[in-house]
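A, B, ... follow the sequence lines: proteins, then strands. Residue 1 opens every chain. Here the structure is a predicted model, which means the values were calculated and not measured.
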Amino acid sequence: MKPRVRFAPSPTGYLHIGGARTALWNWLYARRLGGTFVLRIEDTDQKRSTPESVQAILDGLRWLGIDWDEGPGLPNNGGPFPPYFQMEKIKRYHEIAEQLISEGKAYRDYTTAEETAQMRKDFAASKGIPEERIREAGFKYTSPWRDKTEKLDKPYLVRFKLKATGAKIGFEDLVHGRLEKPDEDLDDFVLLRADGIPLYNFGCVVDDHDMQITHVGRGQEHINSTYSQVALYQALGWTQPVFAHFPLIMGQNGEKLSKRKHPEADVGVHRKNGILPHALLNFVVRLGWSHGNDEYFTREQMIEFFDLKDVGKTNGIWNPKKLTATNEHWIKTFPPAQIGAALLPYLAEIGVSDAKVDAKLETAVKAFAPRAKTLVEMAASIKPYYAKGVTVDAAAATKHLDDAGKKMLALAKTKLLALPEWTATAIDPIVDVIATETGAKKGMIAQPIRVAATGGTTSPGIGDTLAMLGKDETIRRFDAVLGG
RNA sequence: GGCCCCGUCGUCUAGUGGCCUAGGACGGUGCCCUCUCACGGCAUAAACCCGGGUUCGAAUCCCGGCGGGGUCACCA
């Protein structure tokens, strides 16, 4: 059977890097096995969900090239199991909740949020312990409505009626193996809030079932809620999917990568910083998963090699240096035309709007690929080559454009003017030629040329540098230095 | 703190009882290449959390300790 997997983000902010990896791994799994990748928006947290966030997540996924087979923005209501936004199927959750209630597997709890909160507080106070430790002290919420069935005319929430027998409840996890705990450790978790909106554990189970999801791959932080969900599957008599709980991505301080404390948690930040989408994918796919000693994968190789069973168990730490190294690798590896196309928005961003993917840009990409860590850097490096004229750095001029330097420059100009064609391969040898003819060191020849052409002391090889500039602009800049 | 998960170089990892004097990658260090800056090449330092078992033999299996993380909501 072809797997049906899903990525079910909550639209409460930008696309999180951990979410992106979860999406990627699920997507890869589906693609390799010819399965289906579903995107579902879990927008039941009405306080925090926003349309902007939905957009940000969709944009982030698209930028990464992770496409979904079912979900938002697709024809025919998004696919065969709509809707793909939880808030659009509230009725369905109520239906299931009612069924559970009628079967005695759930109940209406008229206790208010304030009351339950107070109960916790009182218990903690009576034991003289902080609230998060009430569980160890034996606190377990027991609703006075647990065994009642009457329907009152006031707000209620629906709780799952967990039957604790002391038996183990658990599941087979693809990365962890058998995971279980005594069902007594679970409680009557809330299915429906007082306003009728489902909570995560409920909506998630109903949807995964309705959408016929076969494999649920998500972060390890969900392990504990999975036990509750398993109880629900059993109560409903539904077949549960195969679970796979992924290790977490931690910030460099060792804490879980959070939106507040770690700017790098935002996929959009990397886009802004000039990271290639594929580089981000490659970096993130290796964080917690490996294929022998392989480090770099094309998209096709990722699909070919990825398997949920090869996912590791240990949390990984975000390593910006390795991300950069991965980015450099792909900048150097992808065809110049492709990098050039990716570079256009970054050039436009800094005012170079006349650039297009042509011979000049490709030459520039080739020249700067080994020198740029990011597309932002590359764009900045290339920008001067699209300008008319250049301001020569004073210190550089003093050092390299003295009388001797200008003499070399003039000589170079003569040789350049005599060239049959203006290409890097044609230009490059002139430094050697002049060196041989005059006996001067190459540095004495190349540096004056470089300073005159770029205004500074560093640039790619003379051939590439002048080729990028073009004949006219090169000579113009030479003349500006030589005067008259 | 209860419960749950995890524990190989600084980091990501290979490793599934002998192939391990523990391999690769990023980062670090040194050297080489060189018209500048890079790229690249070569070399090098650096780890099996600790303690008990099991076994002829353990990074690999078991137990305990320690350490890290997650989770304990009418968030997801």
Phosphate OP1/OP2 of [N]: any [X] side-chain N/O under 4.0 Å:
X         : N      : value
Lys313(A) : C6(B)  : yes
Arg286(A) : A25(B) : no
Thr314(A) : U13(B) : yes
Lys181(A) : G2(B)  : no
Ser290(A) : A14(B) : yes

Does atom [atom1] of [X] have more than 12 heavy-atom neighbours, drawn from other residues, nucleotides or ligands, at distances under 6.0 Å?
X         : atom1 : result
Met302(A) : CE    : yes
Lys148(A) : NZ    : yes
Lys407(A) : NZ    : no

Just compare [options] and give me whichever is closest to any side-chain atom of [X].
X         : options                : result
Leu287(A) : C39(B), C12(B), A76(B) : C12(B)
Ile317(A) : C12(B), C4(B), C26(B)  : C12(B)
Arg120(A) : C72(B), C74(B), C12(B) : C74(B)
Asn224(A) : U71(B), U36(B), A76(B) : U71(B)
Arg48(A)  : A38(B), C74(B), C75(B) : C75(B)

- Message: Near RNA chain B, counting only heavy atoms under 4.0 Å, which residues of residues 441-458 of chain A show up?
- Response: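 When residues 441-458 of chain A is checked for heavy atoms under 4.0 Å from RNA chain B, the hits, listed by number, are Lys442(A), Gly443(A), Ala446(A), Gln447(A), Arg450(A), Thr457(A), Thr458(A).
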Once you apply the 3.5 Å cut-off to both distances, tell me the Watson-Crick or G-U wobble partner of [N], or none.
N      : value
G40(B) : C32(B)
U55(B) : none
C3(B)  : G70(B)

- Rounded distance in Å between the C1' positions of C66(B) and G51(B):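 Result for the C1' pair: 10 Å, nearest Å.
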- Do Glu295(A) side-chain and G24(B) base share a donor-acceptor contact under 3.5 Å?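 Between G24(B) and Glu295(A), which were checked side chain against base, a qualifying N/O pair under 3.5 Å is present.
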- Check if the side chain of Asp173(A) and the base of C4(B) share a donor-acceptor pair of N or O atoms closer than 3.5 Å.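 Looking at the base of C4(B), it does not pair with any donor or acceptor on the side chain of Asp173(A) (distance under 3.5 Å).
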- Query: When rounded to the nearest 0.5 angstrom, what is the spacing between CZ in Phe243(A) and CZ in Phe171(A)?
  - Reply: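 Taking CZ in Phe243(A) and CZ in Phe171(A), the distance rounds to 6.5 Å.
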